[in-house]
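For this chain, numbers begin at 1 and follow the sequence in order. Counting starts at 1 for both ligands and their atoms, in listed order.
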Amino acid sequence: MSKAPHTPPRRNRHPETELVHAGTLRSQFGETSEALFLTQGHVYDSAEQCEKRFLGEDAGFIYARFSNPTVGMFEARMAALEGAEAARATATGMAAVTAALMGLTKAGDHIVAARALFGSCRYVIEELLPRFGVESTLVDGTDLAAWQAAVRPNTTAFFLESPANPTLEVIDIEAVAKIAKSAGAKLVVDNVFATPLWQKPLALGADCVTYSATKHIDGQGRCLGGVILASKEFIENNVHTLLRQTGPAMSPFNAWVLLKGLETLALRVQRQSESAARIADWLATQKKVTRLVFPGRKDHPQAAIIARQMGGPSTLIAAEIEGGKAGAFRFLNALRVFRISNNLGDAKSLAVHPATTTHQRFTPEVRASMGVGEGLVRLSVGLEHPDDLIADLEDALAAV
Ligand SMILES: *Cc1c(COP(=O)(O)O)cnc(C)c1O
């Protein structure tokens, strides 16, 4: 078996087909299911071959910190699905975000990011990168003039999540990509909430896409994982050496689980999005829900952008429950089918109170500026029957 061919995008195949077949490597045994190559390294026929392998003149694997056949299959399948030239798997979604941003910046550079972000993404931009001399500016991501105004001569990277965690705020990726391009900066999009099914940031002009594979790609709450997708040039110039030398590598076991997760990704995301749409419409009629945000609804603040840039909604719903934190806690504690958990994209429906969990380290003022109110609950809709989920939410609202 030889080195994982990073399958070039074949746009004539549908995602469902790529998700089952793309990137598969078969050993001499011709196994049907993808093999788990649980090996740290590889042996060489001769010292000469070993030398050539290290020189890059002999195709093949060296060491699992660099690449691994099972991890390579996962990367090739993700690249085919995303329509990206290249992919690199990482241990977690945060390793993917951190490597992509560190790979684009050095001391003296500047990064602009949307302020409505997953807590850890915001930490990397607001606290970690500045420790290494990278300046950062956070803007209202929905305000295009703010992106433009934040640009400095030393701006090298733009970063955004859309829809954002947990507010489901949506950003015009095509417009922000244009501003980044004219500024000579690279745009990195964290596409976790949209999933690879509903949004293609690279086609909208982004330079790099990251995922936490922990979420919908696993989809059954088992493994951590992440992936960086971009052009071959972007990967070679910005993240290839950084990843090899610093070592946030994905475990082959996790890659194998995630490959099997990918086979059912389209089915799960389709079904979970349909259920989420039904549940969002029902929640919107409930008096104790004071604000509801769902990317599939006409009353979403950025509905026009969603119609242009997304092929489907989301499996997530943001709902503000009457009574602030106390109301939200009574609601969460009365749920029986939805479970309280900070994960998302899972087969099991999950609910979380962002203000006291994922966004706990921020002051109430910062949280408010990010759209994270004290009564906000984030619902991740799973694969249960939607009628059972609505009945559960009805009972929980009655307890508020
Ligand atoms: C969960 C999440 C991450 C981090 O992923 P991990 O796999 O937990 O490291 C990054 N961005 C977004 C939007 C997420 O939801």
Problem - Test item: E320 side-chain N/O and T290 main-chain N/O as donor-acceptor pair under 3.5 Å - result: no
Exercise for the section: Answer yes when R26 and E31 have at least one side-chain N-carboxylate O distance shorter than 4.0 Å, and no when they do not. Expected result: no
Exercise for the section: Give a yes or no answer on whether the side chain of R367 reaches the backbone of F362 with a donor-acceptor pair at less than 3.5 Å. Expected result: yes
Completion exercise
the protein heavy atom lying closest to atom 8 (O) of ligand 1 turns out to be S212 OG, 4.1 Å
Exercise for the section: Could you tell me which atoms of ligand 1, counted from 1 in the order shown, lie closer than 4.0 angstrom to a heavy atom of F193? Expected result: 15 (O)
Handout entry: Protein contact of atom 4 (C) of ligand 1 - nearest heavy atom, named by residue and atom, plus distance
Key = F118 CE2, 3.6 Å
Completion exercise
Here the atoms of ligand 1 under 4.0 Å from any heavy atom belonging to E161 are 13 (C)
Exercise for the section: For V377 and P354, work out which heavy atoms get closest and say how close. Expected result: CA-CD, 4.3 Å
Completion exercise
atom 12 (C) of ligand 1: closest protein heavy atom, distance to 0.1 Å, is D190 OD2, 3.4 Å
Practice task
Consider only side-chain N and O atoms of W198 and S273, and report whether a donor and an acceptor are under 3.5 Å apart.
Solution key: yes
Exercise for the section: Answer yes or no for A95: is there a heavy-atom contact with ligand 1 below 4.0 Å? Expected result: no
Practice task
Say whether, by atom type as modelled, one donor and one acceptor occur between the side chain of T356 and the main chain of H353 under 3.5 angstrom.
Solution key: yes
Completion exercise
Within 4.0 Å of some non-hydrogen atom of G225, the atoms of ligand 1 are 7 (O)
Practice task
Look only at interatomic distance and state if G93 has a nitrogen or oxygen under 3.5 Å from any nitrogen or oxygen of ligand 1.
Solution key: yes
Practice task
Please say whether K215 places an N or O atom under 3.5 Å from an N or O atom belonging to ligand 1.
Solution key: yes
Handout entry: Short side-chain to backbone donor-acceptor contact, S231 and E85, under 3.5 Å
Key = no
Exercise for the section: Name the closest protein heavy atom to atom 9 (O) of ligand 1, giving the residue it belongs to and the distance to 0.1 Å. Expected result: M94 N, 2.8 Å
